[in-house]
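Here's the structure, in structure tokens; my notes come after.
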Amino acid sequence: MLQATVASIPEAKEEYLGSSIVERTSRLHSFADLGPADLCNIHKQSTTSKKNTEIGTFLYFTGVDTSNSASIAAHLQSLATLIGSKSQYWFGEKKHWKVPELTYCTYNAFSKVDMRVTVHIPGKFESHVVNNDGKFVHDKISDEELDNLWLETFVSSIVRCMIDSDDDDANKVGGLVEVRKINPFNNGKASHKLLKYFIEGFEKFFWDGPKLGCGVEIPQPSLISNYLVDGFLKVIQLTQSYDLALEALQRLEEREPSVITLIAQVLLLKDEEIKAVQLMNEGIEKNKRDADLLLLQAQFCMDKKRYDLALHLAKQAVKSSPSDFKTWAILVKAYTKLNDFENALLTLNSCPMNSHKEKYSLKRVVPLRGGNEDLHLPSPVDVTLDEVSNLQSNEISYEQRNLDPQLVNLPAANLKSTFAKAYDLLTEIVMKTGWESLLKYRAKVFVMEEEYRKDKHANGHTRKNSTNSVANGGENASENGNASENDASSTVAIKSPKKEINGTSETSPSDASTKLDESYENEFKKKRLCERWLDNLFMLLYEDLRAYTIWQAEYVHFQAQQMEYKKTTLEWEILGLIAFRLKHFKEGSIAFANALSGRFSAKSQREILKYYIMERSKILSKNSNNSSSQSSNDNSSTYTHNYTKIVNQLNERILESCIKLLVWNHRWYVDFSPTLINTLADLVSKEGLIKIQSLVQAVYSNNINPSDNTGNHGITDMMDDLYTFFKEYESLGFDN
Amino acid sequence: MLQATVASIPEAKEEYLGSSIVERTSRLHSFADLGPADLCNIHKQSTTSKKNTEIGTFLYFTGVDTSNSASIAAHLQSLATLIGSKSQYWFGEKKHWKVPELTYCTYNAFSKVDMRVTVHIPGKFESHVVNNDGKFVHDKISDEELDNLWLETFVSSIVRCMIDSDDDDANKVGGLVEVRKINPFNNGKASHKLLKYFIEGFEKFFWDGPKLGCGVEIPQPSLISNYLVDGFLKVIQLTQSYDLALEALQRLEEREPSVITLIAQVLLLKDEEIKAVQLMNEGIEKNKRDADLLLLQAQFCMDKKRYDLALHLAKQAVKSSPSDFKTWAILVKAYTKLNDFENALLTLNSCPMNSHKEKYSLKRVVPLRGGNEDLHLPSPVDVTLDEVSNLQSNEISYEQRNLDPQLVNLPAANLKSTFAKAYDLLTEIVMKTGWESLLKYRAKVFVMEEEYRKDKHANGHTRKNSTNSVANGGENASENGNASENDASSTVAIKSPKKEINGTSETSPSDASTKLDESYENEFKKKRLCERWLDNLFMLLYEDLRAYTIWQAEYVHFQAQQMEYKKTTLEWEILGLIAFRLKHFKEGSIAFANALSGRFSAKSQREILKYYIMERSKILSKNSNNSSSQSSNDNSSTYTHNYTKIVNQLNERILESCIKLLVWNHRWYVDFSPTLINTLADLVSKEGLIKIQSLVQAVYSNNINPSDNTGNHGITDMMDDLYTFFKEYESLGFDN
Amino acid sequence: MVEVSLTVGKLDASLALLLTKDHHLIEFPTILLPNGVKAGSIIKIKCDQDFETEKEEQKKFQEIQDEILSTFGKNLPKSPNLKI
Amino acid sequence: MVEVSLTVGKLDASLALLLTKDHHLIEFPTILLPNGVKAGSIIKIKCDQDFETEKEEQKKFQEIQDEILSTFGKNLPKSPNLKI
């Protein structure tokens with residue numbers, strides 16, 4: 001197994017000894033939902049310097065076993081040993097540290113208390129419970145209550161480490177880097193015990209799940225939709241422990257019928273499709289307004305390409321839960337798939353927006369007073385792959401400084417929450433209609449907000465003010481005359497017909513209302529007002545399409561001139577992201593491949609990995625159709641040959657992408673990436689572990705090509721860890 | 001006339017020569033509505049230092065004549081002469097400056113351009129027009145267009161200086177202090193020309209008025225309600241030029257019938273009540289849905305104490321413009337006056353909130369890089385009154401540091417926009433009902449939001465999200481469990497009955513909706529949901545009442561013990577503000593008087609001035625009733641004697657307050673305070689100029705009591721300026 | 001006259017969310033819904049112009065205007081303005 | 001059945017603001033208003049439960065459920081899983 005090294009521990013300097021704990025305490029009352037990552041405070045003494053001065057550092061953790069104080073103490077002990085075992089470069093100086101004391105804080109999101117363990121070396125360890133006000137409440141707690149608090153804490157920790165998205169770049173600008181992420185379930189036999197303990201905790205605290213918060217698609221957490229449930233399902237998928245999950249869920253269902261949705265979800269994960277379908281049907285018979293179940297059934301029908309059935313279910317879901325974004329969203333999707341674009345736009349316009357919520361992500365609790373100067377970010381040397389590990393940040397900042405201004409800050413890239421999801425729905429529509437037709441559909445169903453901008457109505461009394469937090473671009477532009485005129489000239493194609501009324505008469509209230517009264521009976525009455533946020537999304541869509549079109553046109557032009565179309569990695573990456581937003585996946589994948597041919601980029605790598613997986617599943621589903629219809633065909637064997645070749649190629653690319661991303665994550669102290677593990681598990685289930693092992697062995701045995709930036713080290717060890725994990729949980733394909 | 005001295009010019013140091021202009025240019029695109037104050041950039045050379053180094057400073061102006069480039073050049077020229085005429089202390093060093101160059105920028109809010117004049121000394125002056133993008137567009141403009149731009153600029157300037165509230169403390173913490181405010185109409189004969197020019201401009205640009213924005217009570221500016229109209233009416237009131245105004249408005253009315261509201265307003269200002277009533281009646285005959293006119297008529301009936309008539313008009317106003325705050329507000333007031341508290345609460349709950357808008361106030365355009373270290377804030381010595389001019393800031397900061405924690409940050413004090421106005425409506429209700437009855441009325445008409453907190457509905461689909469920017473206290477508290485529990489214990493009296501459903505079942509969607517279905521038909525159906533912001537206002541009201549009650553109880557207790565009830569000026573001031581918010585004006589005035597007995601405070605002085613005026617008008621209206629009914633009474637002469645004494649006393653206090661505030665404003669470079677001028681003009685109209693003059697002469701001849709902190713200097717000169725103004729515009733009473 | 005069929009999507013304390021066939025979302029006060037309506041119920045709404053009430057209200061409003069005019073808009077003999 | 005009288009306070013492109021006697025403010029789609037209605041008009045709204053349509057919709061929904069079950073919920077003979 002890969003042993004943690006001292007170079008895998010990032011640290012930040014404290015302002016004064018213990019200040020990070022003081023800061024955390026002062027912010028306890030502001031922790032919402034899942035709360036922040038665990039915090040570890042380390043006291044360090046230099047053994048080399050004469051004076052016996054102590055300094056304090058801290059870092060964050062996820063995935064550490066927090067099921068009781070003893071296991072945390074053991075973690076701290078081994079951390080102290082690790083740091084004390086070797087000298088290290090510390091802000092340019094070689095230092096040998098001794099660690100006399102460490103404190104670990106982990107947030108119990110159920111009871112809203114901070115659980116803390118302090119280890120003295122040499123000496124004993126002690127633990128504390130700190131409430132929201134920063135007061136120690138340990139004394140007032142019975143042993144039984146304390147056990148319960150620890151179980152809650154453990155469940156909170158696991159949910160946090162599962163929900164914390166590994167889609168994001170581990171090293172994004174200004175983000176949290178002084179954090180180490182560990183796989184909580186990759187600890188041999190012991191982790192089986194932890195898994196069972198977690199499922200036990202899930203069952204026990206299921207009723208408190210809403211306390212942990214929920215994602216952006218629903219306004220309020222419910223018993224069935226919340227982070228506890230999300231985390232639980234992710235654990236089940238990761239460890240493929242479907243039967244354990246089903247047992248627990250069936251017990252819960254006896255008390256709460258709506259749990260049936262979760263059972264059906266696990267059955268689908270387990271590939272027991274028929275059982276799942278039957279169960280969903282039963283559930284709906286019992287409660288035909290169970291929106292979660294209707295959604296699941298609708299999604300199932302979408303996956304089966306029965307959009308007609310999905311449409312009916314989505315309609316019923318909307319009727320059952322009209323304030324949820326996700327019920328409306330699937331209705332939009334169904335209409336889009338059925339080419340009913342007018343209804344798709346009307347339903348999109350009715351989607352309830354949720355501007356106050358953010359996706360869960362780990363954030364700094366202790367601010368860095370000295371900025372990045374306070375950070376000690378060593379490079380782990382145990383696992384390296386030259387092109388990934390040697391990436392120079394000055395190269396990236398050069399690209400940033402010289403970025404094509406057309407590509408800077410395309411506002412669609414910064415959409416958040418439900419606005420991002422609504423944009424996704426809109427691009428699905430434009431993908432099928434094209435821009436010009438989309439505008440026609442829009443004009444057919446909507447009266448545009450700007451025709452009514454003067455309208456007093458737009459203020460207190462409508463839902464429109466929910467949109468004020470949309471990307472700033474649009475809002476600012478409309479606030480001052482000139483800017484919006486300039487804007488108009490650049491996006492002239494997007495503007496709806498100019499107002500005919502002008503100046504004077506338009507602003508006269510009596511006048512305007514008379515005008516409206518006269519005309520409303522005809523055209524306007526049949527149309528609906530386009531919500532301001534949707535209006536804004538059309539604007540952003542136009543900008544994305546413009547950037548995309550310019551790129552494609554330039555590319556053709558350069559090809560005609562037989563000139564090289566040169567872009568930096570960062571520029572290719574942005575173009576790729578635009579293309580992906582617009583669902584031009586092929587073009588996007590070319591851009592990402594170009595980006596990666598320049599240098600490694602985690603984002604491009606992750607996006608192209610998605611593309612490979614998408615392509616493979618397209619080919620696999622085409623083949624399963626072909627194999628039934630063409631089995632008697634003459635070309636069968638050539639077909640099979642080609643097919644095998646393409647799939648093998650894609651699998652190799654997927655494996656390569658995973659490995660590069662694992663190395664990148666490892667360099668940034670992230671040794672737990674559920675998405676990548678799931679991708680590899682899927683590969684193992686399709687190809688068998690033996691084949692994967694030998695592929696890795698062939699390409700990544702240490703130090704093959706040290707000359708051409710593909711030199712590497714430790715990758716097979718890193719992968720061995722994952723093989724062990726697959727074997728431990730008997731992942732599909734682990735035994736062949 | 002009071003000549004400006006070099007000590008009346010505050011300055012701020014620029015980062016580099018001309019940087020203030022660069023900053024302003026870069027922010028031009030973000031100027032909204034009226035835009036910021038004029039900016040003056042000054043280049044200064046020290047004549048004493050050997051090296052010929054130039055530094056740059058800047059300050060803001062309002063009230064400068066910006067009707068053409070020559071008048072601005074003249075203003076700059078005299079500023080340069082003033083600075084060059086004398087040496088001055090400059091950051092602790094005696095310096096003699098020469099000014100080789102000055103630039104003046106003034107924003108044209110109609111055409112959204114910045115008009116600039118630069119004067120070189122010696123040399124010529126030049127002017128520029130800068131558009132939103134910071135580009136010079138002077139070349140493309142014809143002479144005629146340029147004249148038009150200057151007229152727009154002048155009107156913008158005058159409106160800015162009238163709208164800029166002089167209610168606010170001139171020297172509030174963190175506010176703009178590097179600004180000098182001048183009375184644009186106190187310039188002898190010349191100012192008559194300016195006044196005519198302004199009215200001409202008003203008439204010409206009336207149709208573009210909405211471009212200048214509007215206050216918080218309406219969501220969007222209209223032709224009749226906007227800052228241009230507000231500024232116009234203020235100028236008319238200040239200069240009492242009603243006939244000029246009526247001529248212009250009558251011409252406008254021919255094209256736009258809704259102008260009738262403004263004509264009626266001017267008639268009321270002019271005290272031509274019967275004409276105004278007839279005109280309002282005519283206007284309503286023509287358009288019975290003219291909300292502005294209905295509002296004016298309703299307000300008139302309120303003033304006449306005919307609340308029954310006002311109620312009908314307010315109802316019609318709401319029906320005519322249901323998205324305006326102000327129509328609903330007067331309906332609430334009418335119900336409150338009629339003791340119909342249930343309807344008062346229901347209509348209050350329907351008031352459309354406007355959380356995005358702020359009151360217009362002058363803001364910094366050029367940030368101070370070095371904070372207050374960059375500010376040169378000399379003390380004018382030409383007009384002083386010891387207790388006002390010698391106020392020490394360390395005394396105030398001592399009081400701030402030692403402030404009673406109970407009085408720190410009472411959230412009702414920080415309400416903004418329509419929320420502050422709604423709170424005012426609520427305190428009017430509680431003033432009549434008392435707290436306990438108010439709670440009963442509330443329980444009778446509302447279902448409380450918290451009973452439905454889990455409710456998904458509260459998200460995208462209701463008007464409730466308009467309230468998210470309400471004072472943070474409430475919002476935060478509800479976001480994390482413990483905090484809101486703590487909160488509950490302190491405000492337990494305000495909480496509505498605890499939820500009966502608990503934990504598990506409450507969060508189960510299917511379950512909860514069944515429960516609701518069963519019960520909604522009875523109680524809930526008849527009640528209305530209390531908007532979250534109103535719920536929050538109840539909370540704030542409770543806190544204000546608690547603070548008020550504690551104060552009153554303590555006071556009684558101390559009196560019983562014959563002990564002195566000791567508070568600092570700041571504490572008395574806060575208590576006074578609480579009392580005023582709660583409409584306990586008598587108690588508030590005592591608190592302000594106590595505050596002012598400790599030291600001068602502009603805020604307390606302003607508030608107590610309001611109280612004196614309120615008291616006087618109460619006595620005057622009581623007397624006009626008495627004089628008709630009791631004229632044959634025996635006590636008549638004693639009554640008249642007492643009455644005269646009280647009114648005289650109040651008038652003296654009003655005069656004293658005005659003078660102190662004028663001195664305070666002058667110390668902070670503010671030589672234009674419309675509210676104070678109007679108050680004094682009112683005094684002159686009641687008492688005659690001669691009496692006021694002799695009163696001032698008697699008390700404020702220079703240097704009477706230099707020993708007891710009432711020493712003064714220049715006050716009679718300052719007042720002479722105002723007398724000249726009154727004479728110039730023939731204010732009522734100027735000639736006796 | 002307009003008649004339309006709507007589904008009750010959600011039922012709150014005072015507001016119901018109604019859905020039209022073409023995905024209009026309407027906030028509707030529950031007080032205006034017939035008894036017995038539940039989330040999931042379908043309701044029919046008929047809408048008619050009410051000219052009679054309009055006329056009545058107009059008349060009442062005219063009376064108010066007349067009263068205002070006769071109370072405050074006539075030149076009454078002014079009570080002498082006492083100067084003290 | 002519930003019948004209520006409302007004033008049209010404001011008429012927008014697609015939404016009208018209606019006011020009840022007791023100062024409820026209702027957003028109402030203009031499409032549901034009768035022709036000829038203006039700002040200031042008074043309208044009558046009648047609201048009834050529509051049991052017939054409820055039944056129809058229920059039936060249609062049941063058919064969808066049945067189709068889903070018969071299409072995806074029966075143990076069909078699996079097509080052989082070719083391993084290549």
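Order of the sequence lines sets the chain letters (A, B, ...), proteins ahead of strands, with each chain counted from 1.
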Would you enumerate the inter-chain donor-acceptor pairs between chain D and chain C whose distance is below 3.5 Å?
residue, atom, partner, partner atom, Å
D:S5, OG, C:D50, OD2, 3.4
D:S41, OG, C:Q49, NE2, 3.1
D:I42, N, C:E54, OE2, 3.0
D:I42, O, C:D50, N, 2.8
D:K44, N, C:D48, O, 2.6
D:K44, O, C:D48, N, 2.9
D:K46, N, C:K46, O, 2.8
D:K46, O, C:K46, N, 2.8
D:D48, N, C:K44, O, 2.9
D:D48, O, C:K44, N, 2.6
D:Q49, NE2, C:S41, OG, 3.1
D:D50, N, C:I42, O, 2.8
D:D50, OD2, C:S5, OG, 3.4
D:E54, OE2, C:I42, N, 2.9

>> Holding to ring-ring contact (aromatic ring centres under 6.0 Å, His included), I want the full list of residues that pass it with D:F72, two or more places apart in sequence or in another chain.
In response: A:F300

> Based on non-hydrogen pairs under 4.5 Å, which of C:I45, C:I42, C:V8 is most in contact with chain D?
Replying inline: C:I42

> Do C:C47 and D:L32 touch side chain to side chain, with heavy atoms closer than 4.5 Å?
Replying inline: no

